[in-house]
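Lettering of chains follows the sequences in order, A, B, ..., and the numbering in each one begins at 1.
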Amino acid sequence: MSGTAPNPSAAREAGPGASRWRAGATAALMAVGVAVPIYAALTGDTYLVALASRILVYALAAVGLNLALGFGGMVSFGHAMYLGLGAYAVLLLGASGVTNGWLQLAILVIVVGVVAAVVGTISLRTRGIAFIMITLAFAQLFYFLFVSLKAWGGDEGMSLPQPSSFGPFTGNRTALYFALLATLAAALAGTHRLVGSRFGLVLRATRVNERRVRALGTAPLPYRLAAYVLSALLCALAGFFLANLTGFVSPAYLAWTVSGELIVMVVLGGAGTVVGPVAGAVGLLVLEEGLKALTEHWMAILGPLIVLMVVLLRNGLWSLLPGGVTNEARR
Amino acid sequence: MAAPLLAVSGLVKRYGGLLVTDRVDLALEAGEVHAVIGPNGAGKTTLINQIAGEVASDEGRVELDGRDITAWPVHARARAGLGRSYQVTSIIPEFTALENVLLATQSVRGHNFRGWTPVTAQRALVAPAEQCLELAGLLAHRHRSAGLLAYGAQRQLELAMTLAIEPRVLLLDEPMAGLGPAETRELIEVLQRIRHRYAILLVEHDMHAVFALADTCSVLVYGKVVFRGSPDEVRRSSVVREAYLGDEEIAA
Amino acid sequence: MSPAFLLTQVLNGVQFGLLLFLMAAGLTLVFGIMNFVNLAHGSLYMVGAYVAALTYGRTGSFALALVAAVVGVFVLGIVLDRLGFAALHRRDHLDQVLATFGVVLFANEAMRMLFGSAPLYMDAPAALSQPVVIAGFNYPAYRGAIIVAGLLVAVGLHLLIERTRLGMLIRAGASNRDMVSALGVNVGWLARLVFALGAALAGFAGAMVGPILSIQPGMGEPVLILTLVVIVVGGIGSIRGALFGALIVGIVDTLGRGVLPGLLHLVLSPSLASAAGPALASVGVYLLMAAVLAFKPDGLFPVRHS
Amino acid sequence: MNIRIPRAIAIAALAALPAAAQADVKIGFLGTFSGPAAALGQDQYDGFMLAVEQNGGKLGGTAVQVVKEDDQLKPDLGVQLVQKLLEKDKVDLVTGVTFSNVMMAVAKPLAESGVLFVGSNAGPAPLAGKQCSANFFFTSFQNDNQAEVLGQYATDRKYAKMMLLAPNYQSGRDQVAGFKRFFKGGTVVAEVYAQLNQPDFSAEIAQIQAAQPDAIFAFFPGGMGVNFVKQMNQAGLLHKLPVLTVSTVDGTTLPALKDTALGVLAGAAWGPDLPNAANKAFVAAFEQKHKRIPSQYAAQGYNAALAINSALAKTGGSTADKAATRAAMRSAGFNAVVGGFKFNTNGFPIQDQHVFEVAKDAQGRVSLKTIATPLPALRDAYVGECPLK
């Protein structure tokens, strides 16, 4: 394995007291998630739901990327591509008459699954920085493809003809929010189970020492590829929500900067921890929001803050909670 | 007579113009310990890598139980019964000791596309894993992070992982590397306890270990087997002494 | 499509490639020797362009502007390395990417705070501002100067790396860092020097493009992406790879834009050709990179690691 | 050199003032204020705020509070910010919007809210045609307008061979279509689409030389424009043939081009030398405050404020009755800095479109000089598709 992979939890002391902190923080996050629309309904501050929905979309995408990047050591610099594919699926299917949300989801899973399998098969031939760059290349290919698709709005993007149809919940923003929250919770629960399963063991071991995994009798490629596809599907799901949330789809969703931001969220929150990416997404977007209220030159503050967090935190926000990494075991 | 469990014939590896493995032949039966010794740079690790499949051979054959596995990939050889350990400790530091061994036990029990049930909750996997840990004397440490284990314990874990894929042939690459005298003795004992179950190819610098364990010794110099015999014959051989010129270990 | 037209386009591609080489040489050295992914390389290029434009504006001397950019960014490189980049060398690539991404955000905003969002003015020196005619095509003299500068840097780097003790250490460092420290060389200083050298090259590139490109915040990122493409295609850590990678990317990109649409018009229907041509040209470089990596994951001229 | 920090503070103070004086009307200003394209949004905002300031913090006699939001050129963020402006800040009006992709993204939520929107830059075609909204007004242009006037100019000058260049994206293709709509009598020898944000134009410039047109039409906004003009100049082509441009030489790029751009032609509805009195006052006030020549984006922002001023004056400062506010805006009579200005049925402007040449002004600064007005009182091409009457 190349040195590119993060080494997020070189050693985890599985003390029961330690993991309680993290479980508590996760529960607190979820409780806040549930409380937001209730608070918004009571105070009439409906914008809060819009803000929180967008954060949840990116949190979901970050949780997806984390599966490849954090647990699998596959540093994809092109996951915005799947976010965009998910969003465009809603537009393209909606415009061609497929408005049923479940059907859209089913088609999305198949199409993105196939695309991710092909892209993953080619990309996983490479390691380290080459993998970073080849995933970027594929994302750029799709970006420019959608930019030149005039019929679908080109770079200007296009409004959805109608939101995905889910019976009485169609177009309901609160319903959308809770669907997002439930999906994120399911993704987190799924990740939690996956990480400790046979599949998860192979995936995580491969990140650290691929050679050893082979010598123990397991060919890592199918598992890495599966994790890559799964991670792409989660991002596509986030894109599906993003399209419905904004009622709009544009190639800007596939821009390389979005891929970069997803990486920032994952690493900032804690790559290779289950809930870290959520903390990263919340942290980054709330920070942006707060700094922008402060000054128009907010990037001049955000930049150094990111540097500081990398230097001081090493393993992300989530590692601030006990039960995390012990530095002594980190090389 | 039936074919030997592991048969290596005419194995060759070249790096550029350099012959690293020079027509090596080996045959191992179950219950037999065959030690490969030789000075640094003799090509011992390369030989193990060739047998295990990590390094492609330029010529020669590797047969396991009569089947030609020369072209097989590493993981297929491992599943067919070739277990190897590494000279440089090659464990997953962020895993617990038990998880490290589970990674191995699950490898030989069907595919791993099972993503929901925690491995540690599967008796069918945990029971054999714990057996291996017990064999290696690590059962008490099974819930500790591998990265936090003492070096000696990590070497034992290395061996436990190798055993957990239920191999028939063990390729041990300097299992005693870096161990103190007490730890070495302990590991020799472990190997003595289990040797009857496996065919063992042992690459080792520690001559105490070699003479205590080996049935046969091959002396490798510049990739070529220059001498083969029992430990006693090796001790007496002038060829070996010449190869090890100035190396006191042989005198011990 | 006349031969003269093709020749001009190839020349354009070579020139663009050499421009990319100036960026790629520094980045690949830093990458290869320190195993350090520096996204802020584009920011150093931007700073070089700003320093050059400001110096040129004050003094009216192009030579002085070049010197100021090179020296200024060289010093900035040493300062940055001291301030903490050096501490990042031992971190994994992701941390490096993230931290230097933070530096990029800061650098762009700092330029905007200091000099505004609008681009800065810088023109080519009078002696080079007129075109020369090659085979019936006007070729800007200044672009000729870029070709010359790029070739000189390539030759200079070649001599530095193949003929000097410093170069020997750099080569050794690229393939085996421990060996260099075993030789008793202070790797920290070697790394700092190489980093500053790479920075100075980026600053030089920034100064050279001042007269042909818009000098504004964020100008570094598009070039950075192309530079990353170049060093990955060429093979990380290899100057030779950077040179050939840059030339290949430059020529593919230029011919893709300049010749491909015309070729497509010959074989496809006009409407299809005018739709496919630009789309293909936009992704030509990325197709090239994907193809190279799929078949040669270590790039076309990989450095052999021992 | 243009140090911006003190001005930012001044704006903040200014924005705070009317708020303290109990604003009666809240206006949301959505624009792109960060990243490489920030100059455009900043100019829109500066122009808008200049008018607010000149009116003593009031528009239509009513104290206004301006809530400024930065969309970072991200459509999804734009949608979120529009929701914030509407639901949290509960603004009565929305203005600004710099880029078409953000405009397209926010169009639907804005239209559905019923709140009046006065756009001061982006004017994408769908919003002028099928997706037009009675709540939308634009003081800038329909995106094609500025290319259309150059098409007419090329026809008037009887150019026989034209070559058209633009980046390969929707706006680029729209501009080319707009030019061709009014270019008659000659032929388009080549259309060349460059990559979006491409730094080097040598391949395109060689194609220009190969095609040997009588004139070229180019649309390269922002930094691309600077690159293109510089490189054309060095190839010695800038003064060899007429270069007709849109958004390529304007108030934001001329300071970076200076004398290099002399002689380049630009199509637009506004230039600093337009002779009407409102414009003279605007340019003088802007230059005094910001120490630079205003750009067309500043003029568009200023016009947006004037339009709101006029509409609010008619409704007595209230936006409660949406239909009345809409009607007031539709019939807004104000001395726009472009001279004659009317909103068409689709909310887009009917105004003269001019051709400008980059030239030195009376003070010797490089600026834009009116040379022709080929399309007086131009209406956009899409109004027929808009069901509004």
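The part of A:Phe248 that comes within reach of chain D is its side chain, from C-beta onward, which places non-hydrogen atoms under 4.5 angstrom from that chain. Contacts of A:Tyr58 with chain D are made by side-chain atoms alone, with heavy-atom separations under 4.5 Å and no backbone atom involved. With a 4.5 angstrom heavy-atom cutoff, D:Leu86 does not touch chain A via any of its atoms. Proximity to chain D (any heavy atom under 4.5 Å) is restricted, for A:Leu242, to the side chain, taken from C-beta onward.
Atom CG of A:Leu48 sits about 10.5 Å away from atom CD of D:Glu87, to the nearest 0.5 Å. Rounded to the nearest 0.5 Å, atoms OG (A:Ser159) and CE (D:Met104) are 5.5 Å apart. Going from atom NZ of D:Lys90 over to atom OH of A:Tyr47 covers 13.0 Å, rounded to the nearest 0.5 Å. Atom CG of A:Asp45 sits about 5.5 Å away from atom NZ of D:Lys88, to the nearest 0.5 Å.
Applying the 6.0 Å contact sphere to CZ of A:Phe178 captures more than 12 heavy atoms from other residues, nucleotides or ligands.
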Can D:Gln80 and A:Leu51 be said to form a side chain to side chain contact (heavy atoms under 4.5 Å, CB included), step by step? CA-CA 7 Å; D:Gln80 186 197 317; A:Leu51 173 67; 2.9 Å; yes
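A:Tyr253 is not listed as a side-chain neighbour of D:Lys74, based on a closest heavy-atom distance of 4.5 Å or more.
By the 4.0 Å N-to-carboxylate-O rule, A:Lys292 lies too far from D:Asp70 to be salt-bridged with it.
Considering every non-hydrogen atom in both D:Gln83 and A:Ala50, the closest pair reads OE1-CB, 2.7 Å.
Remark: of the listed residues A:Thr246, A:Leu245, A:Val57, A:Thr246 is the sole one forming a side-chain contact (heavy atoms from CB on, under 4.5 Å) with D:Asp76.
Side chain of D:Lys108 to backbone of A:Leu160: a donor-acceptor contact under 3.5 angstrom is found.
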